[in-house]
Amino acid sequence: MFDFIKDNLILNDPLILGANISIVFTVIGVVATLTYFKKWKWLWNDWITSVDHKKIGIMYILAALVMLFRGGVDALLMRAQLTVPNNEFLSSQHYNEIFTTHGTIMILFMAMPFLLGLMNVVVPLQIGARDVAFPYLNNLSFWSFMFGAILFNMSFVFGGSPDAGWTNYAPLAIEGSPGPGINYYLLGLQISGIGTLLTGINFVVTIIKMRAPGMTLLRMPMFTWTTLITAFIIVFAFPILTVTLALMTFDRLFGTHFFTLTDGGNPMLWSNLFWLWGHPEVYIVILPAFGIFSEIIATFARKTLFGYKSMIISLAAISLLSFVVWVHHFFTMGGSAAVNSVFSISTMAIAIPTGIKIFNWLGTLYKGRIEFTTAMMWSVAFIPTFLIGGVTGVMLGMAAADFQYHNNYFLVAHFHYTLIAGVVFACFAGLVYWYPKMFGIKMNERIGKWAFWFFSIGFNVCFLPQFVLGFAGMPRRVYTYGPEDGWTALNVISSVGAFGMGVGFLVIVYNVYYSYRYGKREVSGDAWDGRTLEWATSSAIPPHYNFAHVPEVKGVDAFHYMKQEWKESGKPEDPDYKPIHMPNNAGVPFIMSGLFFVAGFGLVFELWWMAILGLVGIIGTMAHRSLTSHKYDKGYYVSVDEIEKTENRFKREA
Amino acid sequence: MAHNTNVDPNTPLEYQSEIGRLNIFGFWIFIGAEMALFATIFATFFALESGTVGGPLPGEVFDLKNTIIMTLLLLTSSFTSGLSINELRRRNVKGMMVWLVITLLFGAGFLYMEIAEFLHLIHEGANMGTNAYWSSFYLLTGTHGLHVSLGILWIILVMFQVKKQGLNPDTAKKLFVSSLYWHFLDFVWIFVFTSVYLLGMVG
C-alpha cells in the first residue's frame, strides 16, 4: 500500500510539489474550519443531501468556479511557456499534460456544470415549479459529476495527467501513452457523464410535465426553451460518449482491439465516435448561453424578445444539424471529396439559424430603452465577438480551405472566440444577473464593470493575434518554437492579453467577497424589473418551496404581464395557503457517487478488488433505492402555518 | 408529486400518482438514451466487421440453431411479460406473479444459452482480444446480456416488493416500467440476431 502511494505520488516537479503542499494545507484548513465552527452537520443536512434545485445549482456553480480557476492556471502556464521562443519553463511532457487538462476541464468540468448550475437555479422557477421532476436523481447527478471531476483532477498529483489532448485520439492514447493518465481521463469523464445524462432526462421531464398552469410551450421563457433543447441533445449525445469511453477503457485494460493499430482495430473510429458526441457537446454548452443572453437582453432593453418563434425554430434546427457535422473536425483525415463536401455544406448551414439569432438580439435591442448593467455589457459584447468566432467557423468549414487552417492557431483562436465570447461571457452574465436570486444581494456593479473591461479586452488581445499566428503557420499543441519562426511578437501580445483575463477573473472573485461584505440585501424578489417568473417570488432568495401559490401564466414574459395587470387593477388579495408537498433530502446519492469514485479509481490503477467492491456497492445502493423509494417518494408537507410565517416575514421586509 | 386522491378509477394503477406519470415519461426518455447507446454499439460493430484477421470467421463458429432457440426464448418472454401487465391491469396479483416467473425463467434460459455460447466461442479461439470483429461482437452481445441480467435482478426486486406491499400506484409503476425495459431488450435482440448472426452466417 505504502509502495503504491510512493510510486504514484508526483514529487519531482517543483510546480506539482507546490500544488501537493497547497492541497494538503487547503484540506487541513477546510476540515479545521468546519470542525471549529461545528459546521459538519450543517454541511451534510443543508447542502450535501439537499435536493433543493437552487442549492444544487449553487453547488454546481461553485465547483465550476473552482474548475475555472484550475483550467485558467493551466492556460496561464501555457501562455507563460509560449511567450518567448526556446523557453524551458515547462517540459514537453508537462506541456502536453497541461493542454490536455485545460481543454477537458474547461469544457466538461467548467462550462457544463456552470450552465447546469444556472439551469438548476433558474428553470424550475421560470416554469413556476416547486422543484425538478426527479429531485433524488438531481442530487445524484451533481455528486456523480463532482466525484468524476475529483477523480480527473487527482491525476496531476497522483500518477500523472492524461497527455493526449482533450480529444484523446487513438492510437496515441492507447499505444502511445502508458501509465494511468489516460485511464483517469476515461473514468473521470465516464462518471461525470452519467450525471450529465441523468440531468438531461430530468430536465426534459421537468420542462414538459411540470409547467405552471397557462404556460404553454410557446409561452416558455427563452432560457427554458434552450434548456429543453439542450436536454434533448444530452439525452441523445451522451450515450455515444459513454460507449466511446468504454471502448477505449476496454482497449487499455482488457486488450480488446477497437481503436488499436493491430488486429483489425481502427483508430479513426475513435475520431468519428468522439466527435459524434463532441460536436453536439459544443451546442450543449452554447445553446443555454444563447438562452441566458436572450433573457438578459430582453430584460435590459425593456422589450419582449424580438422574433420569439424564429428563435425557437433556429434552436431546433441547430440541435438537429449538430448531429450531422462531426466530420468537419477531421477533413484532413482522408475522407473522400464527396464526404467532405457533404459535411462542409452541413457545417456552413449552421450559420443560417445562428445568424437568425444574431438578428433577433439586434432586433430586441433596436429602439429599446437599454440599461447598461454589467450583465447587459457582457451580453452586448458577446454579439460582435461571437460573430468573429462564427464567421471564422464558416471559414474553417470549407473543406478545401481547412487543409490550410487545420491544427494551427487559427483554429485555436476560432474556438476560443465561440467558447469564451459565447459560453464564458454567458456564464459571467448569468452569474451577475441571477446572483440576487441565489444570494439575496447584487454583485457590485462598478467592480463588475472593471472585471468586464479587463476580461473582454484581455480576451481580444489574447486571441486576435492567434488568428494571425495561425496564418503565419504556428501549429497548435507545440510546446515551444524558435526565434527564426517570427512568432515571438504576437505570442508576447497574446500572453499579455491572457494575463488581463486572469486579472478579470480575480476581480470577479474579489467582487464576490466585496458584495458579501458590503452588498445591500435585496428586499423584493424582483431585482432587475424582470419579465419572467423567477422574479415573481415573494423574496429575493425564494423559500425552499419557491412559490406560496403556483402562479398563473397568461403570456410570454409572464411576470411582466402580471405586473402590468397589477398596475391597472391593483394587486389581488392572496388566496388562502394550502399545504405544499416537497421532496425529502437524500444521502444515498452521495454514497453511490462515492462508490463510483472507488470503482473508477480501482479501474484507473487496475486494482481489480477495488473496482469490484465499488461496482457491487453501486448495485447495492441501487437496490436500496428501489426498496425504499415508496417511503422516500412520499416526501413531506409544508404546513400552512409555516408558509404563513415565512410569507409574512417577507411581506414585512418588503 | 403528491398522490392524487380523486382519480378516475379507469386510469391504470401505474398512472394514478403524479410521480408514477413522471417516472413513466422519464423512463421513455431513458429508453431514448438507451437507443442512442445501442445505436453507437451497432455502428461500432458494422465499422469493425471486416476486422477478422487472426481468428475464426463468424460463419465458421456460429450455431444458428442455438441462436434461433435463444431468440424464441427472448421473444416469448417479451410476450409473457406483456401478459403479466395484462394481469396487473386486472389487479390479479397471483396471475401476474406467475407470468413474471415464467418471463424470468425464459430470460434466465436465454442468458444460460448465451453464456454457453460465449464459452464455446472462446474454446474455438474467438475471445474479446482476438481481433476487432470479436471485440465488437462481445461488446454488442455482452452489453445486451448485461442488460438482461440487470433486468432479471430488477424484476426480482420488484416482485419482492409486490409480495410485501401488494399492488399500489408505486409497485404498479415499477412493474410497468420494468416491463417496458424488458420489451426494449427484446427489441434490441431482434437487431442483434439479424445483423450479427443472420448476416454473419451469410457473410
Side-chain angles (χ1 to χ4, degrees), chain A residues 130-131 133-135 137 197-198 200-206 208-210 231-232 234-244 246-247 250-251 254-260 262-266 268-269 272-273 276-277 579-583 619 622-623 626-627 629-631 633-635 637, chain B residues 1-3 17-41 43-44 47-55 127-136 138-139 142-143 150 153-154 156-158 160-161 164-165 168-171 173-174 178:
Chain A
R130 304 231 182 268
D131 207 323
F134 309 122
L137 209 58
L197 177 61
L198 297 180
I201 296 174
N202 213 339
F203 274 100
V204 169
V205 179
T206 305
I208 291 186
K209 293 280 186 188
M210 298 186 59
F232 270 112
I234 289 176
V235 167
F236 291 108
F238 264 75
I240 306 176
L241 178 71
T242 306
V243 172
T244 312
L247 295 184
F250 273 71
D251 272 2
F254 307 116
T256 53
H257 294 285
F258 296 109
F259 308 127
T260 56
T262 54
D263 294 318
N266 187 352
M268 279 151 78
L269 183 62
N272 277 284
L273 290 178
L276 255 169
W277 159 79
I580 294 172
H581 182 259
M582 293 301 290
I619 293 177
M622 285 166 84
S626 177
L627 290 170
S629 69
H630 63 285
K631 276 185 229 145
D633 284 344
K634 283 209 179 85
Y637 280 89
Chain B
M1 259 155 283
H3 292 272
S17 69
E18 173 72 17
I19 190 120
R21 288 191 291 272
L22 291 177
N23 278 176
I24 292 168
F25 182 65
F27 202 81
W28 277 109
I29 305 292
F30 172 73
I31 287 182
E34 285 271 60
M35 291 278 216
L37 183 112
F38 275 103
T40 314
I41 297 177
T44 306
L48 298 175
E49 210 180 14
S50 58
T52 52
V53 287
N127 60 47
M128 207 163 65
T130 304
N131 56 36
Y133 176 85
W134 289 111
S135 294
S136 51
Y138 283 105
L139 173 80
T143 308
L150 287 175
L153 291 178
W154 182 19
I156 291 173
L157 213 58
V158 174
F160 180 70
Q161 292 172 46
K164 229 170 128 186
Q165 303 167 33
N168 56 41
D170 184 64
T171 50
K173 164 201 84 190
K174 287 179 180 178
S178 58

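Letters A, B, ... mirror the listed sequences (proteins, then strands); counts begin at 1.
Atom CZ in A:Phe203 sits 14.5 Å away from atom CD1 in B:Ile29 (nearest 0.5 Å). Note that the OG1 atom of A:Thr256 and the CG atom of B:Asn131 stand 11.0 Å from one another [nearest 0.5 Å]. Going from atom CZ of B:Phe30 over to atom CG of A:Leu198 covers 8.5 Å, rounded to the nearest 0.5 Å. Put simply, CG on A:Leu269 and OG on B:Ser136 are 9.5 Å apart, with the number rounded to the nearest 0.5 Å. Distance check, rounded to the nearest 0.5 Å: OG1 of B:Thr44 to CD1 of A:Ile240 gives 10.0 Å. Between the CZ atom of A:Phe258 and the CG atom of B:Leu139 there is a distance of 4.5 Å, given to the nearest 0.5 Å.
Within the 4.5 angstrom heavy-atom criterion, only side-chain atoms of A:Leu247, from C-beta onward, approach chain B. Within the 4.5 angstrom heavy-atom criterion, no atom of B:Lys164 approaches chain A. Heavy atoms of B:Glu34 lying under 4.5 Å from chain A are absent altogether. Of the two parts of A:Leu197, only the side chain, counted from C-beta on, holds a non-hydrogen atom closer than 4.5 Å to a non-hydrogen atom of chain B. B:Thr130 touches chain A through its backbone: at least one of N, CA, C or O sits under 4.5 Å from a heavy atom, while the side chain does not. Contact of A:Phe250 with chain B is made through the side chain alone, with heavy-atom distances under 4.5 Å. The contact between B:Asn23 and chain A is made by backbone and side chain atoms together, counting heavy-atom distances below 4.5 Å. Residue A:Ile201 touches chain B through both its backbone and its side chain, counting heavy-atom pairs closer than 4.5 Å. Interface residue B:Leu48: only side-chain heavy atoms are found under 4.5 Å from chain A. In this structure, chain B has a heavy atom under 4.5 Å from the side chain of A:Phe134, while its backbone stays farther away. With a threshold of 4.5 angstrom between heavy atoms, A:Ile208 approaches chain B through side-chain atoms but not through N, CA, C or O.
Atom CZ of B:Phe160 sits in a sparse spot, with 12 or fewer heavy atoms from other residues, nucleotides or ligands closer than 6.0 Å.
Closest approach of A:Phe236 to B:Ala36, counting heavy atoms only: O-CB, 3.5 Å. Between B:Gln161 and A:Ser626, the shortest heavy-atom contact is NE2-OG, 2.9 Å. For the pair B:Ala132 and A:Gly265, the tightest heavy-atom approach, listed with the atom from each and the gap, is CB-N, 3.6 Å.
Taking the side chain as every heavy atom from C-beta outward, B:Lys173 and A:Asp633 approach each other to under 4.5 Å. Taking the side chain as every heavy atom from C-beta outward, A:Pro239 and B:Thr40 never approach each other to under 4.5 Å.
Looking only at heavy-atom pairs under 4.5 Å with chain B, the residue among A:Met622, A:His257, A:Lys209 that has the most is A:His257. Among B:Ile41, B:Leu153, B:Asn127, B:Leu157, the residue making the largest number of heavy-atom pairs under 4.5 Å with chain A is B:Leu157. Contacts with chain B were tallied for A:Leu627, A:Thr206, A:Thr242; A:Leu627 has the most, counting heavy-atom pairs under 4.5 Å.
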Start with the C-alpha gap between A:His630 and B:Gln165, add the side-chain angles, then the distance that decides, and say whether side chain to side chain contact (heavy atoms under 4.5 Å, CB included) holds.
CA-CA 10 Å; A:His630 63 285; B:Gln165 303 167 33; 3.2 Å; yes

